[in-house]
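Every chain is numbered from 1 and lettered A, B, ... according to where its sequence line falls, protein lines coming before strand lines. Basis for what follows: all heavy atoms, side chains included, without hydrogens, waters or symmetry-related copies.
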Amino acid sequence: MASAPWEDAFTAALRDQFGSHILNSELYREQKLLHVDRLSVGDVLRALHRAGFDYLVDVTAVHWPKRERPFDLIWILYSYADNRRVRVRAEYPEGDEVASATPFWPGANWLEREVFDMFGIRFSGHPDLRRILLPEDWTGHPLRKDYPILQQDQAWVQLHLGIERGQ
Amino acid sequence: MSHRTTPDPLRGGPMTAPAPGESHLDSSEMILNMGPQHPSTHGVLRVVLKLDGERVVDAECVIGYLHRGVEKIGEHRTYMQFNPYVDRMDYVSAVSNGLGYCEAVEKLQGVVAPPRAQVVRVMLAELNRISSHIVWLGTHALDIGAMTPVFYSFREREEILKIFEKYCGARLTTHAFRIGGLQWDLYDGFESDLRRFCQTFPARVDEYETLLTENRIWRERTVGVGRLDATTCKALGVTGPVLRAAGVAWDLRKAQPYSGYEKYAFEIPVGENGDTYDRYRVRLQEMRQSCRIIAQAVDGIPDGPILARIPKVFKPPVGEVYHSIEAPKGELGFYIVSDGSLQPYRLRVRPPSFVNLQALRGMVRGALVADVVAIIGSIDIVLGEVDR
Amino acid sequence: MSMAGGWWLVRNAECCRRPGVLAAGLTAALPAPAANLLAAVTSPQAAATSPPGNTGHFLLATVYILLIFAGISVGVIVMNWVERKVLAHMQVRLGPMRVGPHGLLQPIADALKLLLKEDLVPQGADHLVFWLAPVVVVVAAFSAFTAIPFGPTAAVSDLNIGVLFVLAVASLGVLGIIFAGWSSNSHYPLLGALRAGAQMVSYEITIGLAVVAVLLHTGTLSMQGIVRAQIDHQQWLLFREPVAFGLFAVAMVAETNRSPFDLPEAESELVAGYHAEYSGFRWSLFMLGEYAGMMLVSAVAVTLWLGGWTRPFPNVHAAGLDALFSFVPAACFLLLAGMALRAAWKMPGHRRWRVQRDGLAVFGSLLLGLGLLLAVPPMRTACQNVFWFVLKVAVFQYLFIWYRATFPRYRYDQLLRIGWRILIPTALANLVLSATLTALRP
Amino acid sequence: MTLRVPERQARGTIRPWAALRERLLRLLPLDLLRGMALTFRRQAPSAVYTEQYPQQRPVVADRFRGAPRLNNDFETGETLCIACNLCALACPEALIVVGAERNAQNRKELTFFTYDLSRCMFCGLCEDVCPTDALELTQDFELASYSREGAIWDRPMLENGPTPKRYEK
């Protein structure tokens, strides 16, 4: 099933505001997806926050190593008042900093830390960008596709756990 | 003593950063590591407390001790093979995890489970909600010093686990559902087991209420402790009973019904103050409501197939989907990206415990050490899900 | 507790085998205090009129001290088993079942295990204080028993400042707890010790005020004297000072760090509180001290408010009632024996249960023998004072367990608030009221 | 549905004498006594819920997923396994190794079968895919062994089942 375009008053308003920075808006399995240019992600998120999306469900990323801009950042938003969800997606090149969503949704704090931990994507304006699940001195970001599933920071394991291998 | 603490529940940032007006050179402060091995951190949660006497000045959660890389494992298993792994995230409510995952994959594939399967799923998921809340109740009461409820509640949980065992062959990590429906049909006596459970269970909840609800010590320990208002909850993304205790009648089973929840009559219990006591009351009421749902479902189990027609070699079309359910602890979401192969390209779990745990810091600031365990308990976290 | 009493009785029984001539001969041969004791054992009526206690006689005091030490230790063991069993049954569990029939030997197995465990001292601990702390706790709890009258003559001493002595020595126990928390060089024990310090200091005051209210009615500080005053009043002081008793009943739970006031060792908050760093034998001393402390405060409560060694309804002397009450100790033991034998009878016949069944039968027979022994007239009269005392204390022990099974734990600040804002003002008001009433009474 | 919180809701509107009555009632620890009555009642031996495990063995359900077993044909005693390798493919942990070789009739014949129980999570996927019901998760639940190697089961172990030493006392 291919995705259908998503055009209604809401997207029209967004397009009015951001013009070509809204790259695409589609419906897939009845789920709404906004594809946004990375340069205006911060503004779009702010606008959505103002538009009533008061609940940031999740922030996550997908790694596409073969692409020119290998990281997809995904924000899943929800509006309590209107009972609707929208996903915002933007593509980022390696090493680019992403605008943090913590000013609008303080709950993004840990979610962004997890993205940083797992993908190595840095967020600008984040109050406390550190690793969250892995030890702070771990090397590598496990959810990148170039990090094999059996890979571990063996030096860390040997230093801190005193065992030869972690697996 | 406590008056230097800033009452901003949303404050982020590392713990060492001094708040405005906070002295940095105060020798009366003590750093206390609560966990990762502590009787009341419910697993391997470590909370670093900065104490002034027994008053908490600041706190920081250190998590990841149980990180197993579930999302990475998901990228290296077929959709079917990953199913048992989701049981091991929130291992107290494995059935709910399975429900969320199976429905997410079904949505990705574009199939719907047959009606009979949906009803069975609802019954098991609600049983699981009860068993999850019951474990929470027992351990939470134990944290606050009441020894007995934990044994009473495990007695009831045993009844539920026996039903699980008879239905799917496992008690805790059930692997009860399959993508597209169910593996097993109901066993003989399933309905009578459930009816008996629904008849006896409310009286058991009354027992907990006798021991706790009106008990003055319990109320002193919980009323007004760890308050979290609705605005803060929404800002932090807190969901589930914690949000409802703050007065927001939001439940995904009502807001965006899945698996046929729109067919059942039940109510969303809501608190007023968003404190530990209200969370307790909300969860107790939710158990009664779950019982109601089960009773309705048992009376209307339709006949028919239990598994939708899906190919044996299962390759969902290219696309991505986010599906979330109301797990006992809050919104449990699965974001799955398919590249058309046998395995998910990316599988993201939106864990309710992880997000809810963020609220801990704001809640414990200014509280006492004894409140910290009460508050941790009232969020109801499972570290298997926080760390994944 | 009943075991403690039983043990005591067995020792006394030796003297009672051959009453009459032999007793008279011995009375002549022994030094005066011992003769008093013997006279008291063989004829309590005479003892009631003889001077209380056997103060000043070194040998006899030593014997009593040993008896009390042994009795309390056995009592702790029994209490340990009973607590685990009662708690378990309240929580729909079985409790210990593996070592001995119905886990009867479990406390002994645990004691052995604790004795054999490695003796750990944390790095950086103050060795001397760390070593001293459990000793202080145990010594304080045990030495206070020297002033407790188990019967009209069954006491080590009858100090004229008995109440003060008991309160003073018992409150030394907190010193041990603070020692333990401080010397462990660890955060949780330190917090536990601080809590214990604040808690004990606050609740001591309530205890003191409640006791003073009693003293208004007795006019003496002697523990024996207080019981005798109740006998003279023909009334337990519970009925004259119910408020003081209530205050004491609450404060004594806090004083012994028991649920719902078990903050210093709250396992869900402070891991194990002040004894978190203790293990093995040292830890078992803390436990011994805690249980001895529970018995001690119960014994004080019994002495001060519940008529000490007197039987229930001491003011009613209807025909046959005395005789009826004198059979109660024997009846109690026979009842326990019956329960044990019935349980042995009802055990499944399978051979894997045989050891348990036989053990229980032996235990039941033992109890049966004790019960029969207590039914013999001289034993009956000789032992009933101690029996009633022990029974009353046992009721308090049961209450301690019951509280623990039912209540959540108070928070630190709430505990202090209850102490300072409810208990102490009430105790003061009660004291003033009692004093006024006593002064107005003709 | 809002929770019923009688006292707190009432406090604002209540008349003073009623508040006083409530205060006085709080002096009586009725709430505590009710709890104590409940725990006291539960002491009845009939309420005990404990299962004394080695003496009383639990009866597990028919569908219980426990120790794996390789089934043999009842009559011939030959293995039902056709060495199709489906179980090994289905296993999420890849802990099954099936060894097979072609016999004279060019049919696959099972040579060895190892099952690493130490990594098994008893999900039952191998059992589900088995076309001949050769591999089955049985009701045996006592799987402890003294070494890690003891948790790796070979074909004879899988066919005959474990022989745990039953602790009888």
Which value, rounded to the nearest 0.5 Å, describes the distance between [X] atom [atom1] and [Y] atom [atom2]?
X: B:Leu108; Y: A:Gln31; atom1: CG; atom2: CD; value: 9.5 Å
X: A:Asn109; Y: B:Arg361; atom1: CG; atom2: CZ; value: 8.0 Å
X: B:Glu320; Y: A:Tyr28; atom1: CD; atom2: OH; value: 9.0 Å
X: B:Asp387; Y: A:Leu133; atom1: CG; atom2: CG; value: 6.0 Å

Do you know which two heavy atoms are closest between [X] and [Y], and how far apart they sit?
X: A:Val62; Y: B:Val337; answer: CG2-CG2, 4.0 Å
X: B:Ala255; Y: A:Asn83; answer: O-ND2, 2.7 Å
X: A:Ala61; Y: B:Arg346; answer: O-NE, 2.5 Å
X: B:Tyr322; Y: A:Arg85; answer: CE2-NH1, 3.8 Å
X: B:Thr239; Y: A:Tyr55; answer: CG2-OH, 3.0 Å
X: B:Ile73; Y: A:Ile149; answer: CA-CD1, 3.9 Å

Please classify the contact of [X] with chain A as side chain, backbone, both or neither, using a heavy-atom distance under 4.5 Å.
X: B:Leu66; result: neither
X: B:Leu252; result: side chain
X: B:Val386; result: backbone
X: B:Arg348; result: side chain
X: B:Glu75; result: side chain
X: B:Phe354; result: both

[X], part contacting chain B, at a heavy-atom distance under 4.5 Å:
X: A:Leu143; result: both
X: A:Ile132; result: both
X: A:Leu129; result: neither
X: A:Arg144; result: backbone
X: A:Arg131; result: neither

Under 3.5 Å: donor-acceptor pair, side chain of [X], backbone of [Y]:
X: A:Arg29; Y: B:Val321; answer: no
X: B:Lys72; Y: A:Leu150; answer: no
X: B:Glu331; Y: A:Val57; answer: no

Original post:
Do the ring planes of A:Trp64 and B:Tyr345 sit parallel (below 30°), tilted (30 to 60°) or perpendicular (above 60°)?
Top reply: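 The rings of A:Trp64 and B:Tyr345 lie parallel, inter-plane angle below 30°.
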Original post:
Can a donor-acceptor pair be found between the side chains of A:Tyr78 and B:Trp250 at a distance below 3.5 Å?
Top reply: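 Judged by distance alone, the side chains do pair up.
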**OP:** Indicate whether the side chain of B:Arg350 and that of A:Thr60 have a donor and an acceptor atom separated by less than 3.5 Å.
**Re:**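 Result is no, nothing qualifies.
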